[in-house]
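Residues: numbered from 1 along the sequence shown.
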Amino acid sequence: MSTPPSAAETAARPGTPHGPDPAKVRAAVRGGTLAYFVDQFDIYLPIVVLAPATAYFQAANLSASTTALLASLVFASTLIGRPLGAVIFGHFADTVGRKRTTLVAVGGFGTITLLTACLPGHETIGMWSVGILIALRFVDGIFLGGEYTTAVPLAMEWSPKHKRGLYASIITSTSPAAYAVIAALTLLMLQLLPAAGLHSAYVQWGWRIPFFVGALLAAVLFRYYLKQVHEPPAQLTGEKHKLPFVRLLKKYPRALGQVFILMTGTWLATNMEAAVTPAQLKAHLELSSKEVTLTMLVINASAALSYPLFGMLSQRIGRRRFYIGYGFSMVVLGAGSYTLLMASNGGFGAALGFGVLIGVFTVGTFGPIAAYLTERFPAGIRSTGYGVGYSLALILPAFYQFYLQQFDGFLPAHLAPGVLIVVAGLLISLGGFLGPETKDVDMADDSTIPKLS
């Protein structure tokens, strides 16, 4: 006697009487993909776009260390705001609905991005300029934390089980793709509007254009969700709980702790790749701003192309095996490639060559992460579990500049990031080892929770 299909399998099976319209499945996955791209575009804006325009926000007489600290705070403030956004918006996504909560989050970060594009500089309002920038990025982080907390679980809940790894990797591949697009846009603008001092066109107004583009993308995303995306079937979103965050802490602390370890390694490696590598390419290898931007474009384009391969690999061998293996690959190939590049001092050509390996073996953890984290938590608290698990681990890696400073005196500044990439890889392998296999989890069944939760 055959076993009847689960609720999730029935809901996800196109063509069945009770299954969803395949068009709604495609709309949800496209929406998740667009949402992740817009989210990551917004996240990386200050790292790439504002780097040549630092003089606009800061006094000219600041020390190099203070300048670097303020620049890192612009990025870190966004990261710190995201866990708060995950808790707030995860609550409403699990109690009110995924779609409506996504619309509020998208509208919020689109507005903040538009306000950022209109900021006056240090010449006009002094240090208030960089202070307001940091504050706006913090609020932006809250809304961004809410956006992926709602949009990604929505897309995964619509996805059939056997395609979750692939669909997840397509969604997350837009992160390095967004970085590559920003790098290409910045490269074009620097070609047309050279950043030659405080009163140059790029420093005064050119940097604003990508922020206006980011706000426009948010408006497009808002309209798409409003018109095209639907709430998942009720059986996929589970029983409603009044306090999903409290339930997460009480019922699933081990799952949250395991995900925290995995994601701490993931974000630490991401910060080394996205925030530290560009600085070292300029400071140690002495590449020009254009060469740095082009190198980062290559690094992130390579990562984007690798994500679907990693997503399909995790679907074949399992998420747990993938993360254990990828962590060790990062230790050997990710840290090794970065260290060889910095030690060789081979210039622009070497940066492009090693950049491919750095891209593939430092941030590839994100390939199947959307599937893994949504599979890791039960339906009734899925958005909260996904958002908090994804975002809470941002906080410790956000202070990467402090960790790097601890190596001063016994390790050159350009080699210290390699050590943190090793630490990141070990954390990812440990996180994968401590967790269960999830690729066959039934999204609709709150009782079908991996045993190691």
So, does K290 use its side chain to make a donor-acceptor pair with the main chain of Q191 at under 3.5 Å? no
Shortest non-hydrogen separation from T113 to F109 and the atoms involved: OG1-O, 2.8 Å
Using a 3.5 Å distance criterion without hydrogens, assess whether the side chain of R223 forms a donor-acceptor pair with backbone atoms of A219. no
Measuring only between side-chain heavy atoms, which start at C-beta, is L430 closer than 4.5 Å to Q258? no
Is the closest side-chain heavy-atom distance between L394 and I80 below 4.5 Å? no
Carefully, step by step, assess T111 and F143 under the rule side-chain contact (heavy atoms from CB on, under 4.5 Å). CA-CA 10 Å; T111 301; F143 285 110; over 6 Å; no
Are any of the side-chain heavy atoms of L50 and F211 separated by less than 4.5 Å? yes
Walk me through it: do V356 and V298 pass the test side-chain contact (heavy atoms from CB on, under 4.5 Å)? CA-CA 7 Å; V356 174; V298 168; 4.0 Å; yes
Which residues pass the side-chain hydrogen bond (donor to acceptor under 3.5 Å, both in side chains) test with T293, sequence neighbours left out? none
Rounded to the nearest 0.5 Å, what separates atom CG in L262 from atom CD1 in I428? 6.5 Å
Decide whether Q40 and S175 meet the rule of one side-chain donor and one side-chain acceptor closer than 3.5 Å. yes
Looking only at heavy atoms, which two atoms of P397 and N271 are closest? And how far apart? O-ND2, 2.9 Å
Rounding to 0.5 Å, atoms CH2 (W267) and OH (Y390) come to a distance of 3.5 Å
Heavy-atom pair of closest approach, residues V388 and A86: N-CB, 3.7 Å
Under a 3.5 Å distance rule, please check whether Q204 uses its side chain to pair with a backbone N or O of A201 as donor and acceptor. no
T116 side chain reached by D140 side chain, heavy atoms, under 4.5 Å: no
Looking at Y307 and P176, what are the two nearest heavy atoms and their distance? CE2-CD, 3.6 Å
Using the rule given for side-chain contact (heavy atoms from CB on, under 4.5 Å), can you reason through K282 versus L287, listing the C-alpha separation, both sets of side-chain angles and the distance that settles it, and then say yes or no? CA-CA 5 Å; K282 190 172 185 65; L287 302 186; 5.8 Å; no
Determine whether Y179 and F41 satisfy the following criterion, ring pair (Phe, Tyr, Trp, His ring centres under 6.0 Å), listing intermediate values before the conclusion. CA-CA 6 Å; Y179 196 118; F41 188 94; over 10 Å; no
Backbone N or O of G165 within a donor-acceptor pair of the S314 side chain at under 3.5 Å? no
Residue among S159, P368, P308 satisfying side-chain contact (heavy atoms from CB on, under 4.5 Å) with Y167: S159
Interatomic distance, CG@L190 vs OG@S200, rounded to 0.5 Å, equals 9.5 Å
Check the orientation of F310 and F322. Use parallel for under 30°, tilted for 30 to 60°, and perpendicular for over 60°. tilted
Point-to-point distance, once rounded to the nearest 0.5 Å, from CZ of F366 to OH of Y36: 5.5 Å
Minimum side-chain heavy-atom gap E157-R98 below 4.5 Å: yes
Between R82 and L144, is there a donor-acceptor pair closer than 3.5 Å when you use the side chain of the first and the backbone of the second? no
P436 vs R376 side-chain heavy atoms within contact, under 4.5 Å: yes
In terms of heavy-atom contacts, does CZ of F399 have more than 12 from other residues, nucleotides or ligands at under 6.0 Å? no
So which atom in V29 and which in I171 form the shortest heavy-atom distance, rounded to 0.1 Å? O-CG1, 4.2 Å
In this structure, are over 12 heavy atoms from other groups packed under 6.0 Å from F402 atom CZ? no
Under the side-chain hydrogen bond (donor to acceptor under 3.5 Å, both in side chains) test, residues paired with T78 that sit two or more places apart: R137
Within a strict 4.5 Å, meaning less than it, do heavy atoms of the L187 and L294 side chains meet? yes
What do the steps show when you test Q315 against K439 for side chain to side chain donor-acceptor pair (under 3.5 Å), and what is the final call? CA-CA 7 Å; Q315 196 68 45; K439 73 182 181 71; over 6 Å; no
Under the side-chain contact (heavy atoms from CB on, under 4.5 Å) criterion, do L114 and F212 qualify, and how do the steps go? CA-CA 6 Å; L114 182 61; F212 282 120; 3.6 Å; yes
Are R319 and E375 close enough for a salt bridge, meaning some N to O gap below 4.0 Å? yes
How far apart are the closest heavy atoms of L248 and F377, and which atoms are they? CD1-CE2, 3.6 Å
N/O donor-acceptor pair under 3.5 Å between S77 side chain and I134 backbone: yes
Heavy atoms from other residues, nucleotides or ligands near CZ of F37 exceed 12 (cutoff 6.0 Å): yes
Quick one, M272 and T362 - any side-chain contact, counting heavy atoms below 4.5 Å? no
Answer yes if the side chains of R208 and Y56 hold a donor-acceptor pair under 3.5 Å, and no otherwise. yes
CG (D94) and NE2 (H91) are apart, to the nearest 0.5 Å, by 9.0 Å
Quick one: pull up CG in L154 and OG1 in T150 and give me the separation to the nearest 0.5 Å. 7.5 Å
